[in-house]
Amino acid sequence: MRSTPTILHLDMDAFFAAVEQASKPSLRGKPVIVGGLGPRGVVSTASYEARVHGVHSAMAMAHARRLCPNAAYLYPRFTLYRQVSDIVMTLLHELSPLVEPLSLDEAFVDLAAGDSGRRLAGLGHREVTAAARGTAEALRARIAEATGLTASVGLAGSKLLAKIGSEAAKPDGLVVIEPGTERDFLGPRSVRTLWGVGPATAEHLRRAGITTIAEVAETGEAELVRLLGKAHGASLHAMATGRDDRPVVAERDVKSISVEDTFDTDLTDRARVRFEVARLADRCVRRLREAGRSGRTVVLKVRHYDFTTLTRSETLRAPTDDPGVVKETAARLLESVVTTGGVRLLGVGVAGLADFTQEDLFAQFAEETAAREEAAGDGTAAAPEPGAPPPEPAERRWRPGQDVSHPEYGPGWVQGSGLGRVTVRFEVPTGRPGRVLTLAIEDPALQPAEPLPLTSWTPPPGSPEAGPPEAGRDGDAGAA
DNA sequence: TCTGGGGTCCTAGGACCC
DNA sequence: TCTGGGGTCCTAGGACCC
């Protein structure tokens with residue numbers, strides 16, 4: 001708990017949907033819904049125009065379509081979101097070396113750290129508050145300039161209050177919660193406002209007659225611990241009374257890497273289930289290797305037709321990033337799971353991540369790998385793997401939201417496709433709403449394209465974004 | 001209306017060791 | 001022969017967050 005509001009929480013407004021609107025001029029001011037568009041998709045983000053109709057994150061896409069049939073429905077473009085996120089994070093790092101990202105569109109910043117923090121240290125309470133407010137407003141303006149997007153900011157003496165502040169500031173606002181006013185601010189709000197209180201905990205508390213944060217604060221810590229368990233009860237009591245001393249932490253280690261797939265229709269063929277587990281294991285290892293990590297525990301996740309979900313895990317003697325080892329372990333775990341009735345989701349993960357370099361691992365596993373490859377023999381690409389689904393007819397697939405370009409009409413994006421046709425809106429982020437044309441799906445002139453930047457903004461010299469590709473890769477890991 | 005995909009943290013029981 | 005307690009690791013599940 002600090003006596004000045006120097007913890008900043010930034011939250012981009014309706015991030016994915018806002019990026020799409022900034023990218024596609026024809027969608028500005030219109031309802032936009034980003035998420036999985038398949039039969040089992042859910043909403044990732046709805047624009048404010050769509051929220052008016054009751055659409056919100058985590059809602060089944062089928063439900064959203066009924067509530068808001070005229071919205072633009074788009075697949076997420078994570079590559080672009082990551083690029084925009086990098087720009088925002090760069091701007092945050094200009095405020096302080098202590099930046100803690102929570103996701104692509106959210107982060108804490110400790111304004112009391114670093115050079116600017118030392119400047120604040122010499123000031124009185126009112127001056128610090130005014131300076132923090134000025135910093136936050138300048139930040140919001142810079143983000144708008146660099147990305148064309150709006151962000152909301154909370155300033156407070158703790159993480160909890162800063163986060164609740166940014167929520168209260170939405171959209172496109174700033175809320176400062178003066179230290180000392182925490183309990184008044186929190187008291188009347190629902191327990192659901194508190195970090196870590198979801199549907200289950202809220203229901204638990206409701207049955208005990210507790211619905212507001214003030215009521216949590218009045219309940220003794222011992223009682224909360226009895227109700228919710230040691231860690232949860234204690235932290236809830238602290239938060240409700242405004243006590244929160246969690247520091248802003250810049251570098252957090254990844255603890256696990258996993259991939260999972262929900263299938264459009266349940267898998268009933270056991271061979272197909274085995275095949276999909278092998279594919280997921282490969283994808284998981286690819287991600288593991290991209291991160292330069294290896295892990296000891298392989299986890300298999302299975303969700304049945306009725307949504308019951310189980311995990312099976314096995315811990316190896318040493319960390320691995322070997323696709324063969326992960327695949328074999330996942331396959332072994334699968335053999336202990338009954339899948340009659342149908343499988344809705346499969347997942348493969350690796351936990352217990354180690355910092356072992358690939359070289360160490362290679363030495364450790366060279367023998368085993370060599371032995372396995374020998375056993376597997378050659379002839380790998382000869383026949384399709386057992387369980388592989390029948391090959392699709394080679395028709396080009398265009399996904400709603402996808403970037404394309406055409407030599408005559410220029411850059412654009414796919415609105416929809418079907419019946420051998422694809423509908424494309426030809427426009428660019430910095431232009432006016434463009435025209436819509438319908439082309440043949442097989443039209444060779446239409447090609448997939450990379451997303452265009454939202455603005456002509458370029459990172460300032462010396463920032464991580466502008467630096468040489470390898471600069472600071474290891475350098476800032478252990479910075480104190 | 002029928003529920004994504006990527007994570008984190010906590011709890012609890014059993015094995016195993018000292 | 002009966003009965004300790006503590007610590008750590010592993011496994012499984014659940015709640016929660018974005």
Side-chain angles (χ1 to χ4, degrees), chain A residues 9-17 33-46 54-68 75-76 78 81-82 85 100-108 159-160 163 166-167 191-205 225 228-236 246 249 252-264 266 280 283-284 287-288 291 296-317 333 336-337 344-353:
Chain A
H9 181 261
L10 174 103
D11 200 331
M12 302 295 291
D13 300 323
F15 184 54
F16 294 180
I33 295 167
V34 180
L37 303 186
R40 288 171 167 176
V42 301
V43 175
S44 290
T45 314
V55 180
H56 57 80
S57 299
M59 169 182 279
M61 196 55 85
H63 190 193
R65 286 189 190 273
R66 275 185 291 274
L67 290 177
C68 196
Y75 277 103
F78 284 102
Y81 307 154
R82 219 164 277 127
S85 176
E100 179 179 340
L102 296 180
S103 64
L104 287 180
D105 75 314
E106 241 186 84
F108 286 109
K159 282 181 155 184
L160 174 70
K163 185 156 166 60
S166 72
E167 200 57 44
V191 292
R192 286 298 305 272
T193 311
L194 295 176
W195 176 270
V197 178
T201 307
E203 178 56 20
H204 235 104
L205 292 170
V225 167
L228 306 171
K230 195 173 173 199
H232 208 182
S235 87
L236 214 61
R246 292 171 300 167
V249 181
R252 288 159 107 207
D253 252 9
V254 180
K255 305 232 159 89
S256 68
I257 288 175
S258 66
V259 295
E260 61 186 55
D261 265 345
T262 293
F263 304 98
D264 287 353
D266 294 346
L280 287 160
R283 265 166 60 192
C284 183
R287 295 255 324 275
L288 195 62
R296 275 186 70 205
T297 305
V298 177
V299 186
L300 175 75
K301 178 172 169 182
V302 179
R303 174 121 74 212
H304 296 292
Y305 66 97
D306 61 355
F307 222 75
T308 56
T309 307
L310 59 80
T311 62
R312 291 292 177 268
S313 67
E314 184 179 324
T315 300
L316 309 168
R317 292 218 317 279
L333 290 167
S336 71
V337 180
R344 182 189 176 94
L345 168 149
L346 291 169
V348 172
V350 174
L353 297 193

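Side chains are part of it too, since the values below use all heavy atoms of this structure and drop only hydrogens, waters and symmetry mates. Proteins come first, then strands; the chains are lettered A, B, ... in the order of their sequence lines, and each starts at number 1.
Using a 4.0 Å heavy-atom criterion, one finds that P76(A) contacts no nucleic acid atom at all. K163(A) comes within 4.0 angstrom of sugar-phosphate atoms only, judged by non-hydrogen atoms across all strands, and of no base. In this structure, R252(A) reaches neither bases nor backbone, as no heavy-atom distance under 4.0 Å exists between it and the strands shown. At the heavy-atom level, G36(A) lies nowhere under 4.0 Å from the strands shown. Within 4.0 Å of L228(A), counting heavy atoms only, lies no atom of the nucleic acid at all. In this structure, V197(A) reaches the sugar-phosphate backbone alone: every heavy-atom distance under 4.0 Å involves primed, P, OP1 or OP2 atoms, never a base. Counting non-hydrogen atoms under 4.0 angstrom, R65(A) reaches nothing in the nucleic acid. Heavy atoms of L345(A) sit under 4.0 angstrom from primed sugar atoms or phosphate atoms, though from no base atom. Among the protein residues, A58(A) comes within range of the nucleic acid bases, having at least one heavy atom under 4.0 Å from a base atom. Within 4.0 Å of L67(A), counting heavy atoms only, lies no atom of the nucleic acid at all.
In this entry dT11(B) has dA12(C) as its Watson-Crick or G-U wobble partner, both defining distances falling under 3.5 Å. Pairing of dC18(C), defined by two Watson-Crick or G-U wobble distances under 3.5 Å, is identified with dG5(B).
Inter-residue side-chain proximity for M61(A) and V43(A) is flagged as met; some heavy-atom pair is nearer than 4.5 Å. Using a 4.5 Å cut-off on side-chain heavy atoms (C-beta onward), L67(A) and M59(A) make contact.
The shortest non-hydrogen separation linking V254(A) to L353(A) is O-CD1, 3.8 Å.
Separation of the C1' atoms belonging to dC16(C) and dG4(B) is 15 Å when rounded to the nearest angstrom.
Checking Y305(A), F263(A), F307(A) one by one against R344(A), the side-chain contact (heavy atoms from CB on, under 4.5 Å) holds for a single residue, F307(A).
Place D306(A) and E260(A) on DNA chain B by their nearest nucleotides, and D306(A) ends up nearer the 5' end. Each of S258(A) and Y305(A) lies near DNA chain B, and the nucleotide nearest Y305(A) is the one positioned closer to the 5' end.
First and last contacts of DNA chain C with chain A, using any nucleotide atom under 4.0 Å from a protein heavy atom and ordered 5' to 3', fall at dC10(C) to dC18(C).
Classified by interplanar angle (parallel below 30°, tilted 30° to 60°, perpendicular above 60°), the ring pair Y81(A)/F16(A) is parallel.
Not one N or O on the side chain of S258(A) forms a donor-acceptor pair closer than 3.5 Å with the backbone of V348(A). With R296(A) contributing its side chain and L316(A) its backbone, the two residues share a donor-acceptor pair below 3.5 Å.
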